[in-house]
Amino acid sequence: MQAGAANAPATTPYFAARRVGHVNLYVGDLDASMQFYKNVVGIEEVYRTPAAGGGFVSNGNTHHDVGFIDAGGALAKSRGALPGQLNHFAFELETEAALVESYRRAVHDGETFLRTMDHDIAHSVYNVDPDGNVYELYADVVRDWRSQRSGIVTKPKPHWAPGTTPPVAEPCYHVDPEIRRSPEALFHPVGTTHATFVVRDLDAAIAHYERIVGLRVVSRGADGSIAAMSGACPGACLTLIRSGPTRSVGYHHVGLRVASQEDLEQSVETARAAGVPIEVEIHDAHRRAVLLRDPDGFLVQLYADDAIGPDLDAITADFALYLL
């Protein structure tokens, strides 16, 4: 049975994702990636895990908004990974108790998962969508993540399976996190909000994320060729776009929100003066966005909305690829 397949349909979604918490990327030069996201994108380095070749950046929104795995390291090589490939992206759940209950119900109904992981500060299960994109479903199990995730982290990861330890019943994420601004950086995001993918079969992808992850469609765009999907938190956290002649299947970009359009405009001017290339620039009526390309070719979207936000129902696939 393939991961994600089920013997019986669920009457309600198995999991109830709150939002997209982070993306994790395979990179060719970990130091170069960390420097780009620190100095250009504007997210602080918080910790590294040398045994896995990992590096993680965050301004406080969560324990990491973007993670990296060195493609030359043992972990990446064991998976046959190459620089420029998505490792996974992650959905945050309300509590570990909800994670465990959802996992048990899914397994009972015949769902299979790639692996389960103890990340010390969070517990996770991993699955794969119809296009082969790996995603993580996780719940934080400690609130003060900085006390355990700072600098160099060498603590080994023990085997863990949902329910083998007493699940934490209360939410451990921060409702109003302390966001740290990096004044020396070119841009100043306040956190990861969404990820955008091009998919082969849009209906199959929608069905998967509805049934397994618990997302809901908030818009199908102007012609039904996109699906903006939301979790329990406000706003679309996942954008799925039907493939086409100009739209190749796969991960496209991560979206990072900036505090205001004025702040973003100032950063754009600073980036231009510094000679930093801007791949795409969007002037929508209600969203200002730019996309940068990192050292491994990944696109990073930095955006700010006005009080209204973009009209999702009026957007076509080619425009959504960069706006959403």
Side-chain angles (χ1 to χ4, degrees), residues 20-92 96 114-126 133-161 164-165 172-173 177-178 180 182 184-185 189 191-192 195 251 254 256 293-298 300:
V20 165
H22 63 262
V23 297
N24 190 294
L25 312 170
Y26 289 115
V27 299
D29 185 329
L30 181 60
D31 288 333
S33 293
M34 299 289 272
Q35 287 299 311
F36 177 85
Y37 281 82
K38 175 184 176 182
N39 297 331
V40 177
V41 179
I43 318 178
E44 291 182 341
E45 176 176 337
V46 286
Y47 67 100
R48 298 196 188 202
T49 54
F56 303 87
V57 295
S58 169
N59 283 346
N61 191 51
T62 183
H63 35 79
H64 61 290
D65 287 290
V66 185
F68 313 97
I69 298 294
D70 189 337
L75 177 62
K77 286 183 176 179
S78 71
R79 297 174 179 175
L82 297 172
Q85 292 180 336
L86 174 73
N87 180 11
H88 68 264
F89 69 111
F91 294 101
E92 179 186 78
E96 185 194 7
L114 294 177
R115 58 186 176 272
T116 63
M117 293 289 293
D118 183 345
H119 292 296
D120 190 28
I121 56 174
H123 288 163
S124 309
V125 301
Y126 291 81
N133 300 303
V134 176
Y135 63 88
E136 174 188 7
L137 297 152
Y138 77 92
D140 290 338
V141 295
V142 299
R143 187 175 293 274
D144 183 17
W145 58 265
R146 286 189 185 275
S147 67
Q148 299 184 50
R149 285 291 183 270
S150 180
I152 301 298
V153 177
T154 58
K155 185 175 181 179
K157 295 182 179 181
H159 173 73
W160 175 83
T164 56
T165 56
C172 290
Y173 57 84
E178 175 195 356
R180 299 183 178 181
S182 300
E184 71 283 357
T192 295
Y251 169 73
V254 62
L256 305 174
R293 198 171 290 277
D294 78 3
D296 289 277
F298 292 110
V300 184

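This is a predicted model, so every value here is computed, not measured.
- For the atom pair Asn39 CG and Glu184 CD, the distance stands at 7.0 Å (nearest 0.5 Å).
- Note that OG1 of Thr49 and NE2 of His119 are 10.0 Å apart. Values are rounded to the nearest 0.5 Å.
- Among all heavy-atom pairs drawn from Pro295 and Ala32, the shortest one is CG-O, 4.0 Å.
- Rounding to the nearest 0.5 Å gives a distance of 8.0 Å between CD1 of Ile69 and NE2 of His88.
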Could you please spell out the steps behind the salt bridge (charged side-chain N to carboxylate O under 4.0 Å, His left out) verdict for Asp70 and Arg48? CA-CA 11 Å; Asp70 189 337; Arg48 298 196 188 202; over 6 Å; no

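- Ring-plane geometry between His63 and Trp145 is classed as perpendicular, the angle between the planes exceeding 60 degrees on a 0 to 90 degree scale with a lower cut at 30.
- Here the side chains of Tyr37 and Leu25 are in contact, with some heavy-atom distance below 4.5 Å.
- The closest donor-acceptor contact from the side chain of Ser150 to the backbone of Ser147 lies at 3.5 Å or more, if one exists at all.
- Side-chain atoms of Asn87 and Arg79, non-hydrogen and from C-beta on, do get closer than 4.5 Å to each other.
- A donor-acceptor pair under 3.5 Å is formed between the side chain of Asn59 and the backbone N or O of Glu44.
- The backbone N or O of Gly28 sits less than 3.5 Å from a side-chain atom of Asp296, completing a donor-acceptor pair.
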Go through the steps for Lys38 and Val57 under the test side chain to side chain contact (heavy atoms under 4.5 Å, CB included), then give the verdict. CA-CA 8 Å; Lys38 175 184 176 182; Val57 295; 5.8 Å; no

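- The distance from atom OH of Tyr135 to atom CZ of Phe89, rounded to the nearest 0.5 Å, is 8.0 Å.
- Of the residues listed (Asp140, Ile121, Val142), the one engaging Cys172 in a side-chain contact (heavy atoms from CB on, under 4.5 Å) is Asp140, and it is the only one.
- The nearest pair of heavy atoms linking Ser124 to Tyr126 is CB-CE1, 3.8 Å.
- Looking at heavy atoms from C-beta onward, His123 lies in side-chain contact with Thr165 at the 4.5 angstrom threshold.
- Remark: the backbone N or O of His22 is not paired with any side-chain donor or acceptor of Thr192 at under 3.5 angstrom.
- Considering every non-hydrogen atom in both Gly60 and Pro177, the closest pair reads O-CB, 3.2 Å.
- Side-chain contact check for Tyr251 versus Val23: some heavy-atom pair is nearer than 4.5 Å.
- Thr62 OG1 to Tyr138 OH: the interatomic distance, rounded to the nearest 0.5 Å, is 4.0 Å.
- Val153 and Pro50 get closest at one heavy-atom pair: O-CD, 3.7 Å.
- In summary, the aromatic rings of Tyr26 and Phe68 are positioned with their centroids too far apart to meet the 6.0 Å limit.
- Within the 4.5 Å cutoff, side-chain heavy atoms of Val300 are placed close to those of Leu256.
- Across every non-hydrogen atom of Leu86 and Asn133, the tightest pair is CD2-OD1, 4.3 Å.
- Counting only distance, with no hydrogens or angles, the side chain of Arg143 and the backbone of Tyr173 share a donor-acceptor pair below 3.5 Å.
- The nearest pair of heavy atoms linking Ser58 to His64 is CB-CA, 3.8 Å.
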Test side chain to side chain contact (heavy atoms under 4.5 Å, CB included) applied to Val20 and Phe91, step by step: CA-CA 4 Å; Val20 165; Phe91 294 101; 3.6 Å; yes

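- The line from CZ of Arg149 to CG of Asp144 is 12.5 Å long, rounded to the nearest 0.5 Å.
- Side-chain contact check for Glu136 versus Asn24: every heavy-atom pair is 4.5 Å or farther apart.
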